Amino acid sequence: MNQLINCSGDTLRIKAPAKINLHLEILGMRSDGFHELAMVMQSIDLSDFIEIKGISTSELIISSNHSGLSLGDDNLIMKAAKLIRTSSGRTDLGASIHLIKNIPIGAGLAGGSTDAAATLVGLNKLWKLNYSLQDLESMSAQLGSDVPFCISGGTQLCFGRGENLEKVDGASARDVMAIVLVKDPLVEVSTPWAYATYKKVNSSKYINDEGDFHVRRQLLRNSNWLNPLNVLSPPPLRNDLQEVVAPITPAVKNSLKFLSSLSGAVSLAMSGSGPSCFAIFPSLDAATSALENKKAELKKYGLDGWCCTFNMKGADCV
Ligand code: C5P
């Protein structure tokens with residue numbers, strides 16, 4: 001739709017990478033009704049793109065190449081645009097925003113969250129609002145728990161609801177690592193449902209003391225595989241939601257079965273609340289040939305598959 005030029009022009013193109021969870025540990029319940037989490041999130045090189053152009057009226061116009069998406073007030077891009085405009089007090093500003101959707105929807109890959117993050121980054125630049133990345137992260141928490149992570153992306157520890165971020169030292173050396181990612185195109189999992197199901201089964205094990213939360217966060221920070229000296233040691237992977245989602249979601253069971261048949265996979269898990277699942281490989285070549293060798297099985301299971309590397313950035317101009 002728009003002429004594409006880089007971030008110094010009047011049409012901006014922002015890359016919005018998906019994420020996977022290398023570690024998703026549920027600690028307990030918070031007083032705001034959300035779960036207290038200890039996570040490591042990782043951006044991956046499977047991305048949506050947002051093209052943003054200034055317009056002379058105060059309208060916010062959203063379009064997309066994906067016909068199945070609502071483009072109204074419930075769309076996170078619209079919510080993000082309204083949020084940054086209201087926060088800046090510049091209600092006279094307008095923009096035309098086009099979304100090129102590549103990340104599967106309802107997949108546990110933060111597709112909607114990364115689009116919202118890219119919208120904040122892009123409009124901040126287009127409208128010359130001069131918010132810092134930290135300002136955008138704080139502002140974005142009200143849009144969703146994963147949005148703050150998606151602003152800077154890379155590899156980060158995420159605590160609280162997911163919005164308290166800590167960069168992982170030395171993680172950029174991990175950019176050679178790659179994944180095979182699979183998803184049943186006919187299945188979506190609702191995040192509230194996944195957390196509610198987990199709570200039904202596990203709430204008796206929840207901890208609720210800030211001191212105990214602190215101990216668990218510290219244990220994660222000190223994990224061997226997060227030590228900068230061990231940067232190439234493969235993440236062991238943990239996803240507490242997988243425990244409850246996988247047994248009752250055939251698409252997840254099939255995905256994990258498929259991934260475990262790939263040769264050279266180091267470890268595998270579900271991402272977020274599912275249903276997408278991934279296996280880690282030491283390089284993109286290893287991931288690509290493992291998937292290539294099992295193309296027929298992938299089709300038999302009815303799964304879509306991608307190979308991509310870890311990505312060391314979040315929403316960014318291209
Ligand atoms: O923040 P977000 O919109 O992604 O959350 C969607 C839902 O997932 C929440 O309404 C809640 O049911 C659940 N959730 C949670 N604890 C979190 C994050 C999400 O219970 N830390």
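Worth saying up front: this structure is predicted, and the values here are computed from it rather than measured. Atoms considered below: every heavy atom in the structure, side chains included; atoms not considered: hydrogens, waters and symmetry mates. One-based numbering, in listed order, for ligands and for the atoms of each.
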Distance-only criterion, 3.5 Å: show the donor-acceptor pairs between side-chain atoms of residues 103-114 and protein atoms not counting sequence neighbours.
| residue | atom | partner | partner atom | Å |
| --- | --- | --- | --- | --- |
| Thr114 | OG1 | Pro17 | O | 2.8 |

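Annotation for ligand 1: atoms under 4.0 Å from non-hydrogen atoms of His35 are 15 (C), 16 (N), 17 (C), 20 (O), 21 (N). Atoms of ligand 1 found under 4.0 Å from any heavy atom of Leu37, numbered from 1 in the order shown, are 21 (N). Per-residue contacts place Ser145 under 4.0 angstrom from the following atoms of ligand 1 (heavy atoms of the residue considered): 1 (O), 2 (P), 4 (O), 18 (C). Close approach to Thr191 involves these atoms of ligand 1, each under 4.0 Å from a residue heavy atom: 8 (O).
Considering only non-hydrogen protein atoms, atom 12 (O) of ligand 1 sits nearest to Pro192 CA, 3.5 Å. Of all protein heavy atoms, the one lying nearest to atom 3 (O) of ligand 1 is Gly144 CA, 4.1 Å. Scanning the protein heavy atoms around atom 5 (O) of ligand 1, the nearest turns out to be Phe34 CE2, 3.9 Å.
Environment of NZ in Lys299: sparse, with no more than 12 heavy atoms of neighbouring residues, nucleotides or ligands closer than 6.0 Å. Atom NZ of Lys101 has more than 12 heavy atoms from other residues, nucleotides or ligands within 6.0 Å.
In this structure, the side chains of Val121 and Asn124 stay at 4.5 Å or more apart for every pair of heavy atoms.
Ion pair Arg217/Glu36 flagged as a salt bridge, since at least one NZ, NE, NH1 or NH2 atom sits closer than 4.0 Å to an Asp/Glu carboxylate oxygen. Of the charged side-chain nitrogens involved, none lies within less than 4.0 Å of a carboxylate oxygen, so that Asp115 and Lys79 do not count as a salt-bridged pair.
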- Task: Go through Lys15 and Asp45 one step at a time and tell me if the salt bridge (charged side-chain N to carboxylate O under 4.0 Å, His left out) criterion holds.
- Result: CA-CA 10 Å; Lys15 181 173 169 172; Asp45 205 6; 2.9 Å; yes
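For ligand 1, none of its N or O atoms has an N or O atom of Tyr195 under 3.5 Å away. Polar contact check, Asp146 against ligand 1: no nitrogen or oxygen pair lies under 3.5 Å apart.
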